[in-house]
Amino acid sequence: MAFQSLPGFRDFFPAEHAARRHIQSAWRGTAERYAFEEYDGPPLEPLELYIEKSGQEIVDQLYAFEDKGGRQVALRPEMTPTLARMVGEHGRALPKPIRWFSMPQLFRYERAQRGRLREHFQWNVDVIGEPDITADVEVLSVALDGLTALGLGPADVVARVNDRRLLESLLLGAGVPRDRLGGAYAAIDKMSREDAERTKQRLREDAGLGPDVVDAVLALFAEDLAGLRSIHGGDAAVAAEVDRLESYFTLLDEMGWSRHVEFDPRIVRGLAYYTGTVFEIFDRKGELRAICGGGRYDDLLSAVSDLQLPAVGFGMGDVVLGELLRERGLLPTSAPSPDYYVVTITEGERPLLRRLARALRGEGRSVSYTLRQVGVGKQFKDANARGASEVIVLGPDEVTAGVAVVRTMKDGTERRVELTELGA
RNA sequence: GUGGGCGUAGCUCAGUCGGUUAGAGCGCCAGGUUGUGGCCCUGGAGGUCGCCGGUUCAAUUCCGGUCGCUCACCCCA
């Protein structure tokens with residue numbers, strides 16, 4: 001009886017692990033170029049941390065159980081509550097704004113399907129302690145540069161952005177009662193995936209809006225930012241929010257992202273704690289689920305700690321992103337190959353092989369060889385199979401002369417190199 | 001949770017209108033090749049044909065169930 005991995009969980013064989021590492025290296029490198037610091041927290045947290053902080057959707061899909069001490073615990077389904085807790089603990093002592101990132105493995109209990117597993121790695125980047133829109137810009141810029149580092153440009157991906165404060169002012173202006181906003185958000189969030197009739201139905205039945213209010217709400221989504229200003233600009237609350245979003249776009253443009261970002265009032269995000277700007281990044285063809293989602297959550301820290309700090313951040317998962325990159329041929333398909341492969345003609349050169357290999361490794365080069373002395377042809381076959389760039393041949397003749405033959409595998413050229421030059 | 005598709009070698013898949021010993025390509029191992037890889041040639045290992053039951057002289061094949069994978073729906077980090 002052979003074992004299998006659990007449904008929705010992945011094995012990372014060397015080729016797949018190389019792909020994962022490629023993605024994570026790009027994430028880490030990008031975050032560090034933006035001078036963000038890496039942190040991590042426990043994969044297991046008190047269940048309570050997620051109840052009513054993350055939204056019902058996430059709570060329903062928690063990997064939760066009771067531990068041997070009788071505690072209700074959950075595998076983390078997202079990183080933000082952990083981040084909020086950690087910042088709440090030591091945030092007072094940290095210079096503001098806090099610029100942190102993490103690449104946690106997250107879990108959720110749900111039927112696995114394309115682009116959606118029970119486990120994934122998610123790049124989280126957050127700016128905490130800065131209410132200004134410049135922080136929102138910084139965060140979205142990191143996300144887009146992460147994708148850029150992986151070879152995805154404006155022809156491949158697009159960030160659709162919105163602001164819940166704008167949406168709120170528009171909905172209130174359209175006659176939606178304040179206590180029905182949540183239901184309206186849920187219906188709007190689904191708009192781009194459903195037909196107009198279904199949306200209407202949701203606004204009426206789920207959000208409990210009257211027919212004229214529903215029509216007023218639907219009319220909002222026919223407009224771009226300028227249209228919203230000219231029609232609803234008389235509403236001071238709307239005008240202020242349009243101003244803010246416009247400056248958001250201006251700053252993004254200054255950073256060079258004008259071709260990557262679009263206004264989309266239907267972007268709401270499912271999570272309960274977003275309070276301001278929200279965005280999602282999609283593949284341009286619209287074939288896949290969202291690659292990345294984020295936004296501003298100014299009240300979450302006060303909900304899980306006694307600190308009150310505004311915050312903005314995003315999460316980008318490796319699953320959908322990996323699918324897109326694989327489609328575009330932007331992922332490595334094999335593990336890294338050795339720089340050198342050492343071949344010995346006879347057993348007599350093995351002591352030299354061991355010394356030479358260690359010396360080269362001491363200089364940071366990767367070195368492989370057959371562990372036992374076998375035929376020279378076999379050693380070369382193995383060097384080839386493992387993709388070695390260069391083979392160092394040690395034979396009695398060369399060793400006597402204090403040299404080695406170095407063969408470049410891709411074109412078969414050989415040259416003689418002094419052993420001392422190789423570090424042996 | 002609902003519905004569809006698929007389970008044959010490590011991988012991708014043929015095949016069997018029910019019949020003796022189940023195949024290919026790739027991969028792996030060995031040899032051709034004891035001072036030179038890729039290409040080529042030869043040989044080899046590797047299968048309870050997902051599992052359980054039924055029908056039958058005979059089931060990998062037909063039927064029922066079950067488990068698993070997968071896609072879609074629901075929902076959405």
Side-chain angles (χ1 to χ4, degrees), chain A residues 1-11 13 15 50 53-63 74-82 104-124 186 189-190 192-194 198 202 267-274 280-281 288-295 313-321 337 341-349 368 370 373-399 404-414:
Chain A
M1 170 59 200
F3 285 103
Q4 263 185 315
S5 63
L6 288 166
F9 286 79
R10 295 171 288 178
D11 290 326
F13 290 88
Y50 304 109
K53 304 295 189 303
S54 300
Q56 195 56 41
E57 303 83 4
I58 283 189
V59 172
D60 289 342
Q61 296 168 5
L62 279 172
Y63 242 107
L75 288 169
R76 58 188 177 194
E78 57 163 342
M79 197 57 178
T80 307
T82 298
Q105 189 175 24
L106 304 178
F107 306 87
R108 71 150 150 223
Y109 195 85
E110 219 235 345
R111 186 91 163 244
Q113 54 183 295
R114 180 169 157 87
R116 201 161 203 219
L117 307 173
R118 286 183 172 177
E119 145 281 311
H120 73 148
F121 291 91
Q122 190 185 68
W123 187 31
N124 275 250
D189 186 39
K190 295 177 177 65
S192 32
R193 297 188 287 269
E194 296 179 342
R198 187 85 181 93
R202 282 191 190 279
I267 299 296
V268 176
R269 307 278 302 143
L271 295 179
Y273 50 65
Y274 287 111
E280 293 186 346
I281 301 178
L288 305 171
R289 301 165 187 283
I291 296 165
C292 173
F314 70 82
M316 181 185 298
D318 71 318
V319 179
V320 175
L321 177 60
S337 300
Y341 195 102
V342 187
V343 166
T344 51
I345 304 302
T346 74
E347 185 73 40
E349 293 84 54
S368 191
T370 59
Q373 178 65 25
V374 296
V376 175
K378 200 176 227 331
Q379 293 183 64
F380 269 92
K381 274 189 170 70
D382 194 49
N384 182 61
R386 294 179 194 277
S389 308
E390 295 194 303
V391 168
I392 298 173
V393 184
L394 303 176
D397 303 345
E398 290 89 344
V399 172
V405 169
V406 177
R407 179 181 179 91
T408 302
M409 292 299 272
K410 77 172 181 316
D411 56 16
T413 58
E414 291 188 351

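In what follows, chains carry the letters A, B, and so on, assigned in the order in which the sequence lines appear, proteins first and then strands, with residues in each chain numbered from 1. None of the values given here were measured: they were computed from a predicted structure. We use all heavy atoms of the structure for the numbers below, so side chains are in, but hydrogens, waters and symmetry mates are not.
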Looking only at atom C1', what distance separates B:C63 and B:U55, rounded to whole Å?
7 Å
Please check if atom CZ in A:Arg386 has more than 12 non-hydrogen atoms from other residues, nucleotides or ligands closer than 6.0 Å.
no
So what does A:Val391 touch, heavy atoms closer than 4.0 Å: a base, only the sugar-phosphate, or nothing?
nothing
What is the distance from CD of A:Glu347 to P of B:G35, rounded to the nearest Å?
15 Å
With the side chain defined as heavy atoms from C-beta on, A:Arg108 is closest, among B:G35, B:A77, B:C75, to B:A77
Report the nucleotide, chosen from B:G38, B:G35, B:C75, that has the shortest atom-to-atom distance to any side-chain atom of A:Val405.
B:G35
Write down the distance between CD (A:Glu119) and C1' (B:C76), rounded to a whole number of angstrom.
17 Å
When rounded to the nearest Å, what value does the distance between C1' atoms of B:C62 and B:C71 take?
28 Å
If the C1' atom of B:G44 is compared with that of B:C6, how far apart are they to the nearest Å?
32 Å
Mind checking if A:Pro396 touches a base, just sugar-phosphate, or nothing, with heavy atoms under 4.0 Å?
base
When all nucleic acid strands are considered with a 4.0 Å heavy-atom cut-off, which category describes A:Glu349: base, sugar-phosphate, or nothing?
nothing
Heavy-atom contacts, protein to nucleotides 25-33 of chain B, under 4.0 Å, summarised as B (base), S (sugar-phosphate only) or - (none) per nt, yield -----SS--
Is any side-chain N or O of A:Glu110 under 3.5 Å from a base N or O of B:G1, one able to act as donor and the other as acceptor?
no
Between B:C76 atom P and A:Asp189 atom CG, what is the distance in whole Å?
7 Å
Using a 4.0 Å heavy-atom cut-off across all strands, classify A:Ile291 as base, sugar-phosphate, or nothing.
nothing
What's the gap between B:C49 and B:G68 when it is taken at their C1' atoms, as a whole Å value?
16 Å
May I have the distance from A:Glu414 (atom CD) to B:G35 (atom P), rounded to whole angstrom?
14 Å
Between atom CD in A:Glu390 and atom C1' in B:U36, what is the gap in whole Å?
15 Å
Nearest-angstrom distance from the residue atom CG of A:Asp11 to P of B:C69
13 Å
Considering just the side-chain nitrogens and oxygens of A:Arg202, establish if one lies under 4.0 Å of OP1 or OP2 belonging to B:C75.
yes
Hey, is the side chain of A:Lys410 poking within less than 4.0 Å of OP1 or OP2 on B:G38, counting only N and O atoms?
no
Between B:C75, B:C69, B:A77, which one does the side chain of A:Glu78 approach most closely?
B:A77
Relative to A:Tyr109, does A:Arg118 satisfy both conditions: NZ or CZ under 6.0 angstrom from the six-membered ring centre, and within 45 degrees of the ring's axis?
yes
Which part of the nucleic acid, if any, lies within contact of A:Asp397, taking any heavy atom under 4.0 Å across all strands shown: a base, the sugar-phosphate backbone alone, or nothing?
base
How would you label the contact of A:Gly115 with the nucleic acid (heavy atoms, under 4.0 Å): base, sugar-phosphate, or nothing?
base
Between B:G37 and B:G31 - P atom distance, rounded Å:
14 Å
Same-atom distance (C1') from B:A24 to B:G15, integer angstrom
10 Å
Quantified in whole Å, what is the C1' atom distance between nucleotide B:G54 and nucleotide B:U61?
15 Å
Any base atoms under 4.0 Å from A:Gly412, or only sugar-phosphate, or nothing? Heavy atoms, all strands.
base
Rounding to an integer number of angstrom, what distance separates B:G3 and B:U66 when you compare their P atoms?
12 Å
Compare the minimum distances between each of B:U36, B:G37, B:A77 and the side chain of A:Asn384, then state the nucleotide with the smallest one.
B:G37
Under the rule for side chain to side chain contact (heavy atoms under 4.5 Å, CB included), what residues qualify as partners of A:Pro396, not counting sequence neighbours?
A:Ile345, A:Thr346, A:Glu349
Protein-nucleotide distance (A:Arg198, atom CZ; B:C74, atom C1'), rounded to Å
10 Å
Applying the side-chain contact (heavy atoms from CB on, under 4.5 Å) criterion to A:Arg108, which one of A:Glu119, A:Arg116, A:Arg76 satisfies it?
A:Arg116
Look at the side chain of A:Arg116 and decide which nucleotide, out of B:C69, B:U36, B:C75, has an atom nearest to it.
B:C75
Starting at CE of A:Met316 and ending at P of B:A77, how long is that distance when rounded to a whole Å?
15 Å
If pairs are Watson-Crick or G-U with both distances under 3.5 Å, what is the dot-bracket string of RNA chain B, marking crossing pairs with [ ] and pairs to another strand with |?
(((((((..((((.....[...)))).(((((.......))))).....(((((..]....))))))))))))....
What nucleic acid atoms does A:Ile345 come within less than 4.0 Å of, heavy atoms only: base, sugar-phosphate, or nothing?
base
